[in-house]
Number of protein chains: 2
Amino acid sequence: MLSRERIATMALALLDDEGLETFSMRRLARRLGVGVMSLYRYYPSKDELFSELARQVFGAAPAEPAPGETWRECLVGLAVSFRRLLLAHPNALPLLFKHGGVPLRGRPAIEAMRQALKDAGLSEPEAADAWRAIGAYLVGYVTVERMTRSGASGGATPPPERDFPALARIAPYLKDSWDAQFVASLMVVLDGVTRLAEAGPCRPPVTASGTKGARSAR
Amino acid sequence: MLSRERIATMALALLDDEGLETFSMRRLARRLGVGVMSLYRYYPSKDELFSELARQVFGAAPAEPAPGETWRECLVGLAVSFRRLLLAHPNALPLLFKHGGVPLRGRPAIEAMRQALKDAGLSEPEAADAWRAIGAYLVGYVTVERMTRSGASGGATPPPERDFPALARIAPYLKDSWDAQFVASLMVVLDGVTRLAEAGPCRPPVTASGTKGARSAR
DNA sequence: ACCTGAACACCGTTCAAGT
DNA sequence: ACCTGAACACCGTTCAAGT
């Protein structure tokens with residue numbers, strides 16, 4: 001018996017196994033042992049199915065900030081969680097963008113991140129700048145990581161799925177260099193946030209003088 | 001008369017006009033007024049053609065650092081240039097990753113960036129962390145920008161192609177909010193680099209204590 | 001209610017010709 | 001030398017049936 005859930009589950013498995021490029025409704029149907037058209041009773045199109053997958057992969061309940069954390073610890077925790085979420089199904093990463101109907105803005109983890117920035121003492125516009133810096137870093141790092149790690153495309157790169165403890169012992173996790181470098185470079189970004197915070201809430205906005213020397217591209 | 005160049009030029013035009021999703025060898029051939037198979041005399045496969053396009057789009061001569069710039073000005077200039085390069089052909093951005101044979105590492109702009117970081121007083125490993133932070137920020141920001149700007153997919157989003165002067169007057173450029181926010185958040189990252197530089201060359205590496213409180217994703 | 005085969009308008013690419 | 005049509009093994013999706 002077919003169902004939306006059974007289809008979505010198998011679709012995610014197929015995506016993890018074979019990659020986005022070779023995914024097709026016909027292959028999915030073959031795996032489920034049904035005719036292609038049966039799928040269309042449950043999802044009106046491939047796009048709708050992909051939207052569901054995006055929701056399932058990236059809509060996972062985000063980590064709750066632990067009480068008593070500094071804003072920095074909170075941001076590191078959220079960033080690490082987010083990266084693990086993205087890497088859990090590496091082949092689904094492009095779906096985050098194409099089917100971006102995922103409500104990123106309202107999600108608790110995102111709000112927790114904004115709150116952490118406010119706790120750091122940033123004004124509203126400063127927090128927005130910091131938020132974009134961190135968000136772009138996250139997306140960019142994982143994108144580059146996915147594309148660089150073990151060849152250019154496709155192959156299922158099983159993520160380090162083991163749970164790492166909620167408390168301090170993540171040193172072994174840091175042995176893997178991708179993980180370590182992710183955190184190390186994140187520190188650079190967070191140092192920038194620290195500097196913003198230290199400059200106080202009345203820091204003047206960025207002016208043209210700060211961008212002197214920008215040059216045309218070609 | 002067909003040629004590698006004529007095919008590549010038309011392919012880029014087709015890509016800019018209609019997006020990556022709907023690009024096909026058959027459509028390209030129709031646009032050139034030839035049979036599909038003629039294309040295969042010049043490019044052995046669609047993948048090879050795409051590699052050529054990636055080289056053409058992202059291999060453009062990068063901006064030279066102006067003499068007398070501070071490292072910060074240099075980095076801002078390079079980042080802005082790189083973003084404009086990526087946005088010049090937004091539909092080609094995915095090619096940068098899929099056909100990443102593009103020699104990013106050896107390119108002058110990249111080396112200039114590394115040099116700017118050394119000028120800031122960073123040690124070799126510090127420069128590597130800072131480099132990854134900036135690089136991930138660039139890729140992430142442009143990726144998010146591309147996916148958010150004017151709907152989810154496809155449509156040709158003509159970039160602001162006007163040349164802006166090499167000297168200070170880039171204030172009008174900053175009127176567009178994507179541009180302004182790109183620079184503003186880049187400042188946060190660069191503030192982090194400044195902090196690294198101020199801490200001196202002997203700053204201890206990131207330790208597990210800095211990542212206390214990281215939590216599992218689900 | 002639930003599933004499906006045939007058909008349509010597409011793909012990328014091979015191969016054996018055409019000029 | 002340069003180009004090509006027919007053919008193969010694929011796509012997503014519509015539509016009119018089958019059970």
Side-chain angles (χ1 to χ4, degrees), chain A residues 1-56 91-92 94-95 97-101 151-155, chain B residues 1-56 91-92 94-95 97-101 151-155:
Chain A
M1 190 60 154
L2 233 38
S3 73
R4 276 181 68 92
E5 204 187 26
R6 225 164 75 74
I7 292 173
T9 302
M10 188 63 94
L12 198 50
L14 180 59
L15 195 58
D16 285 342
D17 287 355
E18 320 219 10
L20 188 68
E21 298 291 296
T22 56
F23 182 99
S24 82
M25 297 299 271
R26 294 176 123 110
R27 286 168 84 87
L28 175 55
R30 224 171 296 147
R31 245 194 209 212
L32 284 162
V34 299
V36 207
M37 295 320 300
S38 309
L39 304 177
Y40 287 82
R41 292 269 139 205
Y42 300 87
Y43 295 95
S45 70
K46 192 189 178 192
D47 257 36
E48 289 289 333
L49 173 57
F50 276 0
S51 283
E52 173 68 27
L53 294 189
R55 233 169 291 133
Q56 223 160 90
N91 292 332
L95 298 187
F97 307 118
K98 217 161 294 190
H99 306 269
S153 85
Chain B
M1 188 60 152
L2 232 38
S3 74
R4 275 180 71 91
E5 203 186 28
R6 225 165 76 75
I7 291 174
T9 302
M10 188 65 94
L12 197 50
L14 180 58
L15 194 60
D16 285 342
D17 288 355
E18 320 219 10
L20 188 68
E21 298 291 295
T22 55
F23 182 100
S24 82
M25 297 298 270
R26 293 175 123 109
R27 287 168 82 88
L28 175 56
R30 225 173 293 144
R31 243 192 210 214
L32 285 162
V34 298
V36 207
M37 293 323 299
S38 309
L39 304 177
Y40 287 81
R41 292 268 140 206
Y42 298 88
Y43 294 96
S45 71
K46 193 190 179 190
D47 257 36
E48 288 289 333
L49 174 55
F50 277 0
S51 282
E52 173 68 28
L53 294 189
R55 233 170 291 132
Q56 221 160 92
N91 292 333
L95 299 187
F97 307 119
K98 216 161 295 191
H99 305 269
S153 85

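Below, chains carry the letters A, B, ... as their sequence lines are ordered, and counting in each starts from 1.
Nearest nucleotide to the side chain of A/Val34, out of C/dC3, D/dT13, C/dT4: C/dT4. Closest approach to the B/Tyr40 side chain among D/dG12, C/dG12, C/dC3 is made by C/dG12 (side chain taken as heavy atoms from C-beta onward). Here C/dT4 is the nucleotide among D/dT4, D/dT13, C/dT4 with the atom lying nearest to any side-chain atom of A/Ser38. The B/Arg41 side chain lies nearest to C/dA17 when the options are C/dT13, C/dC3, C/dA17.
Remark: C1' of D/dC10 and CD of A/Glu21 are 15 Å apart, rounded to the nearest angstrom. A straight line from CG of A/Leu28 to C1' of D/dT13 spans 15 Å, rounded to a whole angstrom. When rounded to the nearest whole Å, the span between CZ of B/Arg27 and C1' of C/dG12 equals 15 Å. As a whole-Å value, the separation of A/Met1 CE from C/dC3 C1' is 10 Å. Between B/Met25 atom CE and D/dC11 atom C1' there is a gap of 17 Å when expressed in whole angstrom units. One interatomic measurement links the two molecules: CZ of A/Phe50 to P of D/dC11, which rounds to 12 Å at whole-angstrom precision. The distance from atom CG of A/Leu39 to atom C1' of C/dC3 is 11 Å, rounded to the nearest whole Å. For B/Arg6 and D/dC2, the CZ to C1' distance is 14 Å, given to the nearest whole Å.
The OG1 atom of A/Thr9 sits 6.0 Å away from the CD atom of A/Gln56 when rounded to the nearest 0.5 Å. Atom CE of A/Met25 is separated from atom CG of A/Leu14 by 11.0 Å, given to the nearest 0.5 angstrom. Atom CD of A/Glu21 and atom CG of A/Leu15 lie 11.0 Å apart (nearest 0.5 Å). Summarising the geometry, atom OH belonging to A/Tyr42 is positioned 5.0 Å from atom CG belonging to A/Leu2; distances are rounded to the nearest 0.5 Å.
Mapping A/Ser24 and A/Met37 onto DNA chain D by nearest heavy atom places A/Ser24 closer to the 5' end of the strand.
With pairs defined as Watson-Crick or G-U wobble and both atom distances under 3.5 Å, the stems of at least three pairs that touch DNA chain D come out as C:4-8 with D:12-16, C:12-16 with D:4-8.
Side chains of B/Arg41 and B/Val34 form no contact here, defined as non-hydrogen atoms less than 4.5 Å apart.
In terms of phosphate contacts, A/Tyr42 brings a side-chain nitrogen or oxygen within less than 4.0 Å of OP1 or OP2 of C/dC3.
Taking a cutoff of 4.0 Å between a charged side-chain nitrogen and a carboxylate oxygen, B/Asp17 and B/Arg31 qualify as a salt bridge.
Here the closest non-hydrogen pair linking A/Ser45 and A/Tyr40 is CA-CE2, 4.1 Å.
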